[in-house]
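A short worksheet on the structure shown next.
Not measured: the values here are computed from a predicted model.
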Amino acid sequence: MAPFDPAALPELLPVFYRRLFPHGPYGRWLTYGGVVKNYFQQREFSFTLRDDVYLRFQSFGSPQELERELQKINPYKIDIGAVYSHRVSPGRRDRGSAGVPGRAEPIPSLLQPNQHNTVHLGAFQPQEKELVFDIDMTDYDDVRMCCSSADICSKCWTLMTIAVRIIDRALVEDLGVRHRLWVYSGRRGVHCWVCDDAVRKWSPALRSAAVEYLSLVKGGADMVKKVTLSHPIHPFIRRSVDVVEKYFEEYALVGQDILGSPEKWDKVLALIPEDI
């Protein structure tokens, strides 16, 4: 198979949006059955176009209208925003980065309504948004030897499998979530969209609490020991270890050969608390 050439995207994207993009399921998902009036119409979309042109504050009257727009502009990237109290205004084009991804997306900040002459600015507020978890392979460079940065192979993809199983179990069994959509991010990881009706209405404080509950690694790239465990061990951590143990030998000892040389021993020992 020939390697992917990003320069071919202008030719490939029209075919993708015309023949392959799942417009029907995409629209049915984001309307949630049409139970709430104007739910889809008050959803904000953003598009990244060729040459990093960022088109913001888009809304559409129907999934069919969105489909026509996608086939017209062929975006390189689609960002799904919050559902607002009023329909968002047509957007502006900004050149440059479309934003920095985080661990979980909060409800986006205030936008300008297209009813700017009739709606008071303070009345235009985000109402709800799915809770989105972004699992990025680059965060696992400390525990993989086969690849680094944005590179991915079948060996280190096991880490994504482990992460998905740990988080999915916790969402269902610990937090009572029912509706999860797991998707490949398109680059170097996976996203989980939590779509329960109650979760979509969560406040920023509740969203942060859920992320904190699922967080174990602390610190940036300059920190060697990023995990500190307290006693007694939290049940979430114990259950997560049960998942990891099923993959550890095949992934770490065989696939990554983490004990294969003195240099690798030192790297592993640096991660272990001194009192063990």
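Remark: the backbone N or O of H179 is paired with a side-chain donor or acceptor of D196 at under 3.5 angstrom. With K201 contributing its side chain and Q127 its backbone, the two residues share no donor-acceptor pair below 3.5 Å. Side-chain atoms of R188 never come within 3.5 Å of backbone atoms of T138 as a donor-acceptor pair (strictly under, hydrogens ignored). A distance-only check finds no donor-acceptor pair linking the side chain of S59 to the backbone of R43 [under 3.5 Å]. Within the 3.5 Å criterion, the main-chain N or O of C146 finds a donor-acceptor partner in the side chain of Q256. Side chain of R144 to main chain of D142: no donor-acceptor pair is present (N/O by atom type, distance under 3.5 Å, no hydrogens or angles). A donor-acceptor distance shorter than 3.5 angstrom exists from the side chain of D141 to the backbone of S149, with no hydrogens or angles considered. Judged by distance alone, the side chain of Q41 and the main-chain N or O of G61 form a donor-acceptor pair under 3.5 Å.
Looking only at side-chain heavy atoms (C-beta outward), I166 and F236 come within less than 4.5 Å of each other. R50 places a side-chain heavy atom less than 4.5 Å from the side chain of Y76. Between I80 and L30 there is a side-chain heavy-atom pair separated by less than 4.5 Å. Counting heavy atoms from C-beta on, the side chains of K267 and M145 come closer than 4.5 Å. Using a 4.5 Å heavy-atom threshold, the side chains of L49 and Y54 count as separate.
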Q: Please step through side chain to side chain contact (heavy atoms under 4.5 Å, CB included) for the pair W193 and L131, ending with a clear verdict.
A: CA-CA 6 Å; W193 289 70; L131 179 63; over 6 Å; no

**Q.** Worked check of side chain to side chain contact (heavy atoms under 4.5 Å, CB included) between V194 and L171
**A.** CA-CA 9 Å; V194 181; L171 289 173; 4.0 Å; yes

Q: Given side chain to side chain contact (heavy atoms under 4.5 Å, CB included), test F248 with I258 step by step and report yes or no.
A: CA-CA 11 Å; F248 181 80; I258 64 171; 4.3 Å; yes

Q: Quick one: do V268 and L259 satisfy side chain to side chain contact (heavy atoms under 4.5 Å, CB included)? Show the steps, please.
A: CA-CA 8 Å; V268 172; L259 300 177; 4.3 Å; yes

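The residues R165 and D168 are annotated as not salt-bridged, no charged nitrogen and carboxylate oxygen being separated by less than 4.0 angstrom.
For P63, the side-chain contact (heavy atoms from CB on, under 4.5 Å) partners two or more places apart in sequence, or in a different chain, are T31, F40. Every residue meeting the salt bridge (charged side-chain N to carboxylate O under 4.0 Å, His left out) condition with R239, not counting sequence neighbours, appears here in chain and number order: D174.
Atom CE of residue M137 and atom OG of residue S148 lie 11.5 Å apart, to the nearest 0.5 angstrom.
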Could you list the donor-acceptor pairs under 3.5 angstrom formed between side-chain atoms of residues 32-39 and any protein atom two or more places apart in sequence or on another chain?
from : atom 1 : to   : atom 2 : distance (Å)
Y32  : OH     : W29  : NE1    : 3.2
Y32  : OH     : E130 : OE2    : 2.6
Y39  : OH     : E128 : OE2    : 2.6
Y39  : OH     : R200 : NE     : 2.8

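Relative orientation of the W157 and Y184 rings is perpendicular, given thresholds of 30° and 60° on the angle between their planes.
At most 12 heavy atoms of other shown residues, nucleotides or ligands fall within 6.0 angstrom of atom NZ in K246.
Put simply, L175 and L216 are part of the same group of oily side chains (I, L, V, M, F, W, Y) that touch within less than 4.5 Å, one to the next. V164 is connected to Y213 through a chain of hydrophobic side-chain contacts under 4.5 Å among Ile, Leu, Val, Met, Phe, Trp and Tyr, so both are in one cluster.
Residues I152 and G189 come closest through the heavy atom pair CD1-N, 4.3 Å.
Neither side chain, R56 nor S46, offers a donor N or O lying under 3.5 Å from an acceptor on the other.
Checked against the 6.0 Å centroid criterion, the rings of F21 and Y17 qualify as a close aromatic pair.
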